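Report on one structure; see the data block that follows.
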Amino acid sequence: MPSTSPTLTRETSPGAAREAAAPRRRTRILALPEARWAAAALVLFLIALPLYLAGAPAWAWGPLFAAVYVTGGWEPGWAGLQALREKTLDVDLLMVVAALGAAAIGQVLDGALLIVIFATSGALEAIATARTADSVRGLLDLAPATATRLADDGTEETVPTGRLAVGEVVLVRPGERVGADGRVLDGTSEVDQATITGEPLPVAKRQGDEVFAGTLNGTGALWVKVERDPADSVIARIVAMVEEASETKAPTQLFIEKVEQRYSLGMVAATLALFALPLVLGADLRSTLLRAMTFMIVASPCAVVLATMPPLLSAIANAGRHGVLVKSAVVMERLGQVDAVALDKTGTLTEGTPRVADIRPLAASGLTEDGLLRLAAAAEHPSEHPLARAVVAAARTRGLDVPPAEDFASTPGAGVSATVDGRTVAVGSPARVLDDATGHPVAAGLEEEGRTAVLVTVDGTPVGVLGIADRLRDEAAATVTALGGLTGTPPVLATGDNARAAARLAAEVGITDVRAGLLPQDKVTAVLEMQRAGRKVLVVGDGVNDAPALAAAHTGIAMGRAGSDLALETADAVVVRDELATIPAVVRLSRQARRLVVQNLVIAAVFITGLVVWDLAGTLPLPLGVAGHEGSTVIVGLNGLRLLADGAWRRARDGYGR
């Protein structure tokens with residue numbers, strides 16, 4: 001541990017300070033190339049339009065309209081040509097071809113209007129996508145850009161957090177964000193971990209406590225030893241999962257893209273027929289070409305293609321803002337389909353941290369509860385065992401003065417012993433401490449209640465028993481009820497814990513189907529049995545032993561705070577803040593997204609059908625056809641973005657949208 005005085009001085013370069021202080025902002029509209037080209041096309045069109053309408057010579061407005069075609073049409077045209085090289089027909093190319101066809105028969109204004117509206121629609125789609133990404137990445141605006149690294153001689157150096165290595169020591173000053181996942185070597189402070197764990201109050205941190213990158217330090221200084229490479233930190237894992245979300249497509253989207261290809265080919269064939277047949281029958285070239293191009297525009301499936309992804313991506317963004325990271329649009333779609341739930345016990349329905357629930361001093365010992373806990377904590381203090389930490393934590397919670405221990409010894413599977421106040425204190429398994437398979441009657445009674453019993457002896461004489469249990473999460477019972485109501489089937493408890501502890505917890509939360517003592521493969525078998533019965537199973541877990549079941553399930557959700565790396569990687573979604581109540585909320589949000597997809601498909605079908613019938617049965621003006629086609633695309637896109645609003649999450653959280 002570096003020797004450093006309490007007086008803290010900064011040695012940060014102005015450039016580094018500016019980099020650290022500069023917050024991420026929302027994507028600027030003109031930072032998007034689609035928006036810049038669309039704006040240029042619109043400005044040029046607005047300049048050319050009055051000249052054209054006023055009857056100015058063609059040399060005045062012609063170059064301006066040509067510039068509109070270039071600025072607004074080159075990007076979609078190039079994208080369409082690239083798609084064509086891959087033997088894929090892109091609707092972007094069809095729009096550009098239609099605009100050029102209009103210009104070829106003298107409809108320069110109509111073609112330019114088509115380009116402007118189409119470019120504007122593309123820009124709006126790009127802006128909506130960027131805003132969605134901004135909303136998701138708002139969660140990632142946590143880790144600082146730089147950290148203060150301490151050298152072996154105690155000197156300070158400001159370095160980018162990405163260059164920190166495991167084993168290095170960083171200094172976190174008051175009010176700064178922690179630069180890396182690590183453990184406190186020295187210092188005392190309170191750290192606001194709400195962004196990572198959802199804890200509403202700052203958490204006291206002292207030597208030996210773990211801290212996470214991106215959490216906010218309070219009024220003290222902390223010296224932190226880096227324990228994870230920046231690429232493996234909690235924040236980095238969140239970044240990877242969120243970025244993965246926008247790279248995948250839901251089954252509905254993939255299906256629509258397959259249909260789009262066939263539909264587009266059919267539409268081109270119909271357009272050619274609509275152009276060729278009237279000409280064979282002696283129709284006018286100009287009016288026939290205009291009708292055929294109008295048909296191609298209004299029949300294009302742009303709105304259908306846009307019907308799926310905006311609602312699902314918006315739902316992903318909204319869930320991410322509220323602490324549920326859904327890894328892909330596929331997962332967001334699947335969440336709304338689940339009709340059965342299997343829940344793990346430890347770390348899922350419970351907090352996963354042992355706590356002292358009962359303190360039972362024996363009458364003959366003459367000890368009070370505090371006296372018994374004081375002796376046990378003194379003996380357990382040097383131990384790293386989870387139960388030992390629970391005993392020491394209980395003593396600290398009661399504000400007890402824990403005396404020092406000498407001659408500490410630990411026996412794996414049995415317990416510990418130490419000399420405390422001149423007496424030999426042993427703490428451990430009743431059967432092992434007493435060397436008697438029958439244990440102790442008080443301990444047996446606690447075990448019947450689902451507790452883990454720990455016997456305390458002084459100089460070989462039993463003086464009391466501690467009952468240790470994993471505390472039930474406050475929202476566990478309400479979550480079980482909500483999930484049962486959503487799926488129509490009560491959730492199943494699938495745990496590797498003993499049957500007594502599982503039954504006791506199940507009774508508290510209202511679960512009747514309990515499957516205890518399961519090995520990892522047994523959990524998989526249970527999930528597969530449910531799925532063979534026609535169920536789409538949602539599995540919620542947190543440990544390595546849950547990973548196979550998470551992978552086998554229709555959808556898997558991992559608890560993120562204490563979840564194992566394997567579980568986090570295997571699961572389809574992660575509850576970052578360990579708030580169980582968000583699980584039924586995200587299922588409802590998924591169902592809202594699926595309903596919006598259906599709404600969008602209906603809207604798109606109505607617009608396309610109406611415009612096509614108008615064009616075939618009557619005379620649909622090209623500008624009106626363009627406006628109707630692009631208007632339907634914008635309506636569908638905006639309808640999908642409704643799920644970005646906080647109100648959508650509130651409705652899902654409060655039980656609407658079943």
Side-chain angles (χ1 to χ4, degrees), residues 183-186 188 204-210 346 350-471 497-498 500-501 504:
R183 200 163 296 276
V184 177
L185 288 181
D186 196 12
T188 303
K205 297 291 181 181
R206 56 178 65 86
Q207 184 177 354
D209 290 339
E210 186 178 18
T346 305
T350 68
E351 294 180 349
T353 304
R355 297 175 183 271
V356 175
D358 298 276
I359 304 174
R360 303 278 183 87
L362 301 180
S365 69
L367 293 173
T368 63
E369 289 188 0
D370 285 353
L372 175 62
L373 185 59
R374 176 177 175 273
L375 288 176
E380 294 274 28
H381 190 270
S383 174
E384 287 298 316
H385 194 280
L387 297 185
R389 291 198 294 268
V391 173
V392 174
R396 285 177 177 169
T397 300
R398 292 194 174 209
L400 302 181
D401 178 23
V402 178
E406 300 175 351
D407 304 323
F408 173 80
S410 176
T411 304
V416 302
S417 65
T419 301
V420 181
D421 295 336
R423 296 180 292 174
T424 300
V425 178
V427 184
S429 167
R432 297 292 183 86
V433 171
L434 294 177
D435 196 20
D436 181 355
T438 61
H440 192 279
V442 176
L446 286 174
E447 289 174 347
E448 286 292 334
E449 297 175 10
R451 309 282 198 235
T452 297
V454 175
L455 181 68
V456 182
T457 67
V458 175
D459 294 330
T461 303
V463 295
V465 181
L466 304 178
I468 299 179
D470 193 1
R471 192 168 77 178
D497 208 345
N498 66 76
R500 287 182 304 191
R504 179 176 175 276

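In this chain, numbering begins with 1 at the start of the sequence shown. The structure displayed is predicted, hence computed values, not measured ones. FYI, side chains are in, hydrogens and waters are out, and symmetry mates aren't considered; it's all heavy atoms of this structure.
In terms of heavy atoms, Val402 sits closest to Ala377 at CG1-C, 3.9 Å. Closest heavy-atom contact between Val420 and Ala405: CG2-CB, 4.2 Å. Heavy-atom minimum distance, Ala379 versus Pro382: O-CD, 3.5 Å. Shown here for His381 and Val392, the closest heavy-atom pair between the two residues is CA-CG2, 3.7 Å. Between Asp186 and Val184, the shortest heavy-atom distance links the atoms O-CG1, 3.3 Å.
Partners of Thr397 according to the side chain to side chain donor-acceptor pair (under 3.5 Å) rule, which considers only residues two or more places apart in sequence or in another chain, do not exist here. Residues meeting the salt bridge (charged side-chain N to carboxylate O under 4.0 Å, His left out) test with Arg423, sequence neighbours left out: none. A search for side chain to side chain donor-acceptor pair (under 3.5 Å) contacts involving Asp459 returns nothing, not counting sequence neighbours. Arg471 is linked by a side chain to side chain donor-acceptor pair (under 3.5 Å) to Glu351, counting only residues two or more places apart in sequence or in another chain. In this view, Gln207 satisfies the side-chain contact (heavy atoms from CB on, under 4.5 Å) rule with no residue, not counting sequence neighbours.
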*Starting from the C-alpha separation in whole Å, work towards a yes-or-no answer on side chain to side chain contact (heavy atoms under 4.5 Å, CB included) for Val427 and Val454.*
CA-CA 7 Å; Val427 184; Val454 175; 3.1 Å; yes
*Report the C-alpha distance between Val391 and Ile468 in whole Å, list the side-chain angles of each, state the deciding distance to 0.1 Å, and finish with yes or no for side chain to side chain contact (heavy atoms under 4.5 Å, CB included).*
CA-CA 8 Å; Val391 173; Ile468 299 179; 4.1 Å; yes
*Test side chain to side chain contact (heavy atoms under 4.5 Å, CB included) applied to Leu446 and Arg360, step by step*: CA-CA 10 Å; Leu446 286 174; Arg360 303 278 183 87; 3.5 Å; yes
Which donor-acceptor pairs under 3.5 Å do side chains of residues 363-376 form with protein atoms, sequence neighbours excluded?
{"residue": "Ser365", "atom": "OG", "partner": "Leu362", "partner atom": "O", "Å": "2.6"}
{"residue": "Ser365", "atom": "OG", "partner": "Leu367", "partner atom": "N", "Å": "3.2"}
{"residue": "Ser365", "atom": "OG", "partner": "Val463", "partner atom": "O", "Å": "3.3"}
{"residue": "Thr368", "atom": "OG1", "partner": "Gly371", "partner atom": "N", "Å": "3.1"}
{"residue": "Glu369", "atom": "OE1", "partner": "Arg398", "partner atom": "NH2", "Å": "3.3"}
{"residue": "Asp370", "atom": "OD1", "partner": "Arg398", "partner atom": "NH1", "Å": "2.7"}
{"residue": "Arg374", "atom": "NE", "partner": "Asp401", "partner atom": "O", "Å": "3.1"}
{"residue": "Arg374", "atom": "NH1", "partner": "Asp421", "partner atom": "OD2", "Å": "3.4"}

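Counting heavy-atom neighbours within 6.0 Å of Glu210 CD, excluding the residue itself, gives a total above 12.
The shortest distance between side-chain heavy atoms of Ser383 and Phe408 falls below 4.5 Å.
Judged by distance alone, with hydrogens and angles left aside, the side-chain atoms of Arg183 form no donor-acceptor pair with the main-chain N or O of Asp209 at under 3.5 Å.
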